[in-house]
2 protein chains.
Amino acid sequence: MIESTLVSVDVLALRFDPEARAVLLGIAPRALEPFAGELALPGVLLGKGERLRDAARRAVTGKLGVPEGAISASGQLTTFDEPSRDPRGPTLSIALWATVDATKLTDDGPAWTPLADVPPLAFDHDRIVRDCRPILAGHLWRDTAFTAGLLGREFTTAHALDVTESLTGDRPYPANLGRTMERVPGLERTTQHAAALPKGGRPPSVWRWTS
Amino acid sequence: MIESTLVSVDVLALRFDPEARAVLLGIAPRALEPFAGELALPGVLLGKGERLRDAARRAVTGKLGVPEGAISASGQLTTFDEPSRDPRGPTLSIALWATVDATKLTDDGPAWTPLADVPPLAFDHDRIVRDCRPILAGHLWRDTAFTAGLLGREFTTAHALDVTESLTGDRPYPANLGRTMERVPGLERTTQHAAALPKGGRPPSVWRWTS
DNA sequence: CCAAAAGTGTTCACCTTACACCCATGC
DNA sequence: GCATGGGTGTAAGGTGAACACTTTTGG
C-alpha cells in the first residue's frame, strides 16, 4: 500500500480595516521549527475526517488567536503540491480564504499586514499569497459570502473603494463602482449616508445586504 | 499528533471524438470493493511526495488502460471534502482534468461516455462531474493547455463547435466562434480547408497553434 | 470660499449575440 | 438543383472605462 501524503490547510485570513483603509492579511510568527520565529500564514494539518472549513477555523483561532465567532466566512482557493515545499517532507497545502469580523477581535491580536504589502513569509507562503491574490480579486462582487464577509452587513461606498483597491491593485471610479454594486444580487443602496471622512468630502452612500 | 486524512486524486479524463462529434469522459468499472463493478472516475490514492499530475497520470493509465504517451495535458479542478464520500472512511478527493490524445489510444479501451450524458457513477462522482463541468467550460479558449489538449495541434471549426457544445451545453454560431478563436493568443486560422462532412456542407477552416 | 470625495450624466470603445446572406461541398 | 453547414457582413444590445460636472461635507 502507498503511504499517504500529509495535508495541511493554509489560510489567507482577511479583514478590512476602515482606519487603515485597506484589506489586512493575518500572519503570525511560527512557534516551532522549521522557520521558528518567522512569519507565516496560519496553517494546520488536516485531521482525519476533518472538513477543510473546520481546519481553516482551527488554524485561524489557534495560530492567530482570533476568537471563533469572529470568522465570518471561508472558502477554497487552490492546492499547492511541490514536494519540497516543507523541509520536513512532502506536504500538500490546500489554501483557503477566511474573512474575519474586525469588530469581534480582541486587542492582543496577531500581526495584520496590508494584503498589498506582505513581508517575506516562511515556506512557500509568498508564492501562495501571490498566486491567490487574483483569485480573491475574482471573488469580489461575484461571491456574496466572501464580499459580505469582508465588508460586513452594511458598508459605505468608500469602504468598497478601499477593498477593491486592496484586492485588485487599482482604485475604480466611485461612479462606476456604484453601478457595479447596483447589479450585485442581494445588495442595495440605502437612502442613508455615512459621516464624511475627517478631511471632508461628500458623505458616501450606505449599502446593505437584503438577506 | 493528528492522524492524517487520505487523499485521492479523481480524474476527469477527456477526449474529443470527431466521429461522435462530442467530448467523451473516460470511466471504468471498479475492480475492488466498495462499489465493485460499478462505473467510476479513474482515481488513485496520492502517494507520499507524489505530484498531483503524476497521480492523475497513474490513474488514467492504470484504471483506464490509456497508454502513458496519450495523455496530452492535465490540471487542477477542485477539492471535495465530505467525510462520508467514501464508505471506507474519510478521504479527500482532489479532482483534476486530463486530456487524452485519441490517435494514440489502443482499441481495447475503457468506456468512454459523452460528457453531456454520463451514467450514474460510484461514490460522489456524479457530483464531481456535475460541479466540474462549468469549470471545464470556463477553461475552453482561456487555458491553452486544456484547449490544445482536447482539440489537438490542428483542428477545424466544426471540431471547435462540437467541443464547445459538449462543454457548455449549447452550440455557438460558427461565425461568432470563429471570431472568438481569432482572438485566442497562439491560435491562427490557416488558409487550408478540411474535407467536408459526409453530408456535404462547406469545408471548415483549419486552425493551428503557433507554438 | 476652498479642498476633498462621492454621485450623476454622458460618451466611446468593445464585446456579445443574433441573423440575413453568401459560398462550397455531397448527392 | 437541393440540402447541409461553415464563412462574411452587419446591426442591436450590453458592459466597462473614462471624464466633465454637480453635490455635500470639513475647515
Side-chain angles (χ1 to χ4, degrees), chain A residues 16-22 134 137-142 147 151 154-185 187-208, chain B residues 16-22 134 137-142 151-152 154-185 187-208:
Chain A
F16 171 59
D17 182 354
E19 315 295 313
R21 307 189 53 166
H139 280 347
L140 190 60
W141 310 124
R142 274 180 273 272
T147 311
L151 282 160
E154 222 177 82
F155 58 91
T156 68
T157 304
H159 297 152
L161 285 163
D162 293 337
V163 165
T164 306
E165 185 172 9
S166 285
L167 291 179
T168 67
D170 55 23
R171 191 174 188 82
Y173 291 90
N176 295 336
L177 182 58
R179 282 179 285 244
T180 299
M181 291 196 284
E182 260 153 13
R183 284 195 305 264
V184 172
L187 186 59
E188 66 181 11
R189 192 197 293 258
T190 68
T191 52
Q192 304 169 35
H193 291 264
L197 291 177
K199 281 186 293 187
R202 179 170 174 171
S205 300
V206 173
W207 300 78
R208 189 167 20 226
Chain B
F16 171 60
D17 182 355
E19 314 296 312
R21 307 189 53 163
H139 281 346
L140 190 60
W141 311 124
R142 275 180 272 273
L151 282 160
E154 222 178 81
F155 58 91
T156 69
T157 304
H159 297 152
L161 285 163
D162 294 337
V163 165
T164 307
E165 185 172 12
S166 286
L167 291 179
T168 66
D170 54 24
R171 191 176 187 82
Y173 292 89
N176 296 336
L177 182 59
R179 282 179 284 245
T180 299
M181 291 196 284
E182 260 154 11
R183 284 195 304 266
V184 172
L187 186 60
E188 67 180 11
R189 192 196 294 259
T190 68
T191 51
Q192 304 169 36
H193 291 265
L197 290 178
K199 280 185 293 189
R202 179 168 174 174
S205 300
V206 173
W207 300 78
R208 192 173 12 232

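As a basis for the values below, the full set of heavy atoms in this structure was taken, side chains included, without hydrogen atoms, waters or symmetry mates. It should be emphasised that the depicted structure is a prediction, and the values quoted were computed from it without experimental measurement.
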Between NZ of B:K199 and C1' of C:dC27 the distance, given in whole Å, is 13 Å
Output for pair (A:T156 OG1, A:R189 CZ), nearest 0.5 Å, gives 11.5 Å
Notebook entry, point to check: When all nucleic acid strands are considered with a 4.0 Å heavy-atom cut-off, which category describes A:R179: base, sugar-phosphate, or nothing?
Noted result: base
Separation of C:dG7 atom C1' from A:R189 atom CZ, nearest Å, is 7 Å
Here the distance between atom C1' of C:dT8 and atom NE2 of A:H193, to the nearest Å, is 13 Å
Taken to the nearest 0.5 Å, the spacing of A:L161 CG from A:Y173 OH works out to 12.5 Å
In whole angstroms, the gap separating C1' of C:dC15 from CH2 of B:W141 amounts to 17 Å
Contacts of A:P203 and A:A175 projected onto DNA chain D by closest heavy atom; the upstream (5') one is A:A175
Between CE of A:M181 and P of C:dT8 the distance, given in whole Å, is 11 Å
Between CG of A:D162 and P of C:dA5 the distance, given in whole Å, is 11 Å
Checklist entry - Phosphate oxygens OP1/OP2 of C:dT17: is one of them under 4.0 Å from a side-chain N or O of B:Y173? => result no
- Query: Reckon A:A158 touches a base, only the sugar-phosphate, or nothing at all at heavy-atom distances under 4.0 Å?
  - Reply: sugar-phosphate
Closest to the 5' end of DNA chain C, once B:N176 and A:N176 are matched to their nearest nucleotides, is A:N176
Exercise. Base, sugar-phosphate alone, or nothing: which one does B:S205 contact when heavy atoms must sit under 4.0 Å apart?
Worked result: sugar-phosphate
DNA chain D nearest-nucleotide lookup for B:W207 and B:G201: closer to the 5′ end is B:G201
Next on the checklist: Please check this pair: side chain of A:S166 against backbone of A:A22, looking for a donor-acceptor N/O pair closer than 3.5 Å.
Outcome noted: no
OG1 (B:T164) and CG (B:L140) are apart, to the nearest 0.5 Å, by 5.0 Å
To the nearest angstrom, the CD-P distance between B:E182 and C:dC15 comes to 13 Å
Electrostatic pair A:E188:A:R208 at N-O distance under 4.0 angstrom
no
Residues A:R21 and A:F16: closest non-hydrogen pair is C-CE1, 4.0 Å
5'-most to 3'-most nt of DNA chain D touching chain B (<4.0 Å, heavy-atom partner on protein side) reads D:dT4 to D:dT10
Between CG of B:L177 and C1' of C:dT17 the distance, given in whole Å, is 13 Å
Worksheet item: Does B:T190 reach the main-chain N or O of B:V206 with its side chain, forming a donor-acceptor pair under 3.5 Å?
Response: yes
